[in-house]
Protein chains: 2
Amino acid sequence: MNRPTRRPGGRSADVRRRVLDAVVAQLVDHGYDALSIDTVAAGCGVHRTTVYRRWRDVGGLLADVLAEAAADDWRPPDTGTLDGDLAALNREVFAALTGDPPITTALIAASFRSTRAAEALRAFWADRYDRCAVIVARAAGRSEIPAGTDARRLLVAATAPLYHELVLLRAGPDAGLADRTAADTAVAARAGAFAATVVSPDEHHGDDRR
Amino acid sequence: MNRPTRRPGGRSADVRRRVLDAVVAQLVDHGYDALSIDTVAAGCGVHRTTVYRRWRDVGGLLADVLAEAAADDWRPPDTGTLDGDLAALNREVFAALTGDPPITTALIAASFRSTRAAEALRAFWADRYDRCAVIVARAAGRSEIPAGTDARRLLVAATAPLYHELVLLRAGPDAGLADRTAADTAVAARAGAFAATVVSPDEHHGDDRR
DNA sequence: ACTCTAACGCAACATGTGTAGCGTTAGAGG
DNA sequence: CCTCTAACGCTACACATGTTGCGTTAGAGT
């Protein structure tokens, strides 16, 4: 993600730590609107030009923060039922999207200004959805849903309404939203929705970007 | 939406027309990134200061454009079946989100920079979803789906995956996406998802924010 | 036709954002 | 310990963005 540091020793690493910490601190304390290269640099004693050179813009900073956040050991919830798993997952998404300070929303906003932030966020979500595929596999293993159910399609159906309502439609946070959407999706899956169209036994996620 | 013009006559109206036309022209010709107060003003012979005073920022300009666009006579498709209506609707959404120039995406991006654009977009979508409620009503009238199906919830379920995949996840435009999502949603609705829950006013699960 | 003033045009200013040149410093490699 | 240079700090600049004060103009009201 970040430019390969040819000299990763003490100083450069220290600068990176201080800058990224300052980004999060700034985000938490003063919100996204107050986030700029200058405020971050001033907030951690690193010079403006250094930050500009290494991260280029605010999107670059958030992309780096996101790249760090993506390398965690998060695993999807395992409650024993599809309904339970989706509901628990959706509650996490809901919490992230309505949390204060709105870090997730800030990252989404940044992704519209910086292609680097956009790519980092895309990669982050791709990884998360891949990890969540086991939820669908487990449900199929328990014969809750038909075999051959398209995991990604089901997971997007379960989570997309949350993003849509909270981020794009900007509806007020409705406490039941996460659970309702999860339940609707589970009903759909049991009724045979999200059936993978037969292409070939070994599915490859061919992702052509325009 | 826009500030009430105390003097709506010839000159002010003419300025507004020229500015809004220039916004669309700029958007079509050079894309969203090239859209700024200065380029718009220069592109239509109106002075910078005038545009700044009346619209404040780019978000204000797009909000005004959007307010005009919302006052049209658009009606949701009527194909005779729920599947057909949702598929036709989703194809429209798909076309809007993948269209070039990416006007819709530009408006969404602007909504993260300007509260006025955000509010205009929210109002626009609220109106569109209201108009689409007849799709659900017709389906219920034909007994395709249970009476008491929550129209908005169904419509969001049908369209949200498109916005999620194309706008947030930035997946490549998949030709079958619109139809598949519409079909999945129709299956869900027939299976009894989106049932409006009769909820007592004081039933809220404490939303857990971390 | 006359008046009054909202809205406009203009110049000058203030600030925010990003870049370029150049000397300095610290850490990687011997 | 010594050298070499990537990365840093600093100054100065270039440009974009947004504001202020003031004179001018056109159209709404009578």
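Protein chains get the first letters and strands the later ones, always in sequence-line order, with residue 1 at the start of each.
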Quickly work out the [X] [atom1] to [N] [atom2] distance and round it to whole Å.
X: B:Arg113; N: D:dA16; atom1: CZ; atom2: C1'; answer: 13 Å
X: B:His47; N: D:dC22; atom1: NE2; atom2: P; answer: 17 Å
X: A:Arg116; N: C:dG18; atom1: CZ; atom2: P; answer: 12 Å
X: A:Tyr52; N: D:dA12; atom1: OH; atom2: C1'; answer: 15 Å
X: B:Leu61; N: D:dT17; atom1: CG; atom2: P; answer: 13 Å
X: B:Asp38; N: C:dT17; atom1: CG; atom2: P; answer: 16 Å
X: A:Arg17; N: D:dA7; atom1: CZ; atom2: P; answer: 18 Å
X: B:Asp14; N: D:dA28; atom1: CG; atom2: P; answer: 13 Å

Legend entry - Heavy-atom donor-acceptor pair, A:Arg53 side-chain to C:dG18 base, under 3.5 Å: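 Looking at the base of C:dG18, it does not pair with any donor or acceptor on the side chain of A:Arg53 (distance under 3.5 Å).
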
Legend entry - Check: D:dC10 base within 3.5 Å donor-acceptor of A:Thr49 side chain: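 Under the 3.5 Å cut-off, the side chain and the base do form a donor-acceptor pair.
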
Inset, instruction - Fit a plane to each ring of A:Tyr163 and A:Trp125, take the angle between them on a 0 to 90° scale, and name the class: parallel (under 30°), tilted (30 to 60°) or perpendicular (over 60°). - result: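 Perpendicular, since the angle between the ring planes exceeds 60°.
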
Inset, instruction - Establish, with yes or no, whether the OP1 or OP2 oxygen of C:dC8 is under 4.0 angstrom from a side-chain nitrogen or oxygen of B:Arg54. - result: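 It does, given that an N or O in the side chain of B:Arg54 lies less than 4.0 Å from OP1 or OP2 of C:dC8.
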
Inset, instruction - Would you indicate, yes or no, if C:dT17 has its OP1 or OP2 atom less than 4.0 angstrom from a side-chain nitrogen or oxygen of A:Ser36? - result: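 True: A:Ser36 side-chain N/O within range (under 4.0 Å) of C:dT17 OP1/OP2.
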
Inset, instruction - With the side chain of A:Arg48 defined as its heavy atoms from C-beta on, choose the nearest nucleotide among D:dC8, D:dA12, C:dA12. - result: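 Of all the options, the side chain of A:Arg48 is nearest to D:dA12.
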
Legend entry - B:Arg53 side chain to B:Val51 backbone, donor-acceptor under 3.5 Å: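 It does not hold such a pair.
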
Inset, instruction - Give a yes or no answer on whether the side chain of A:Asp85 reaches the backbone of A:Ile135 with a donor-acceptor pair at less than 3.5 Å. - result: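 Answer holds: no.
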
Inset, instruction - Could you pull out the closest heavy-atom pair between B:Ile108 and A:Phe112, with the gap in Å? - result: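 That closest heavy-atom pairing would be CG2-CZ, 3.9 Å.
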
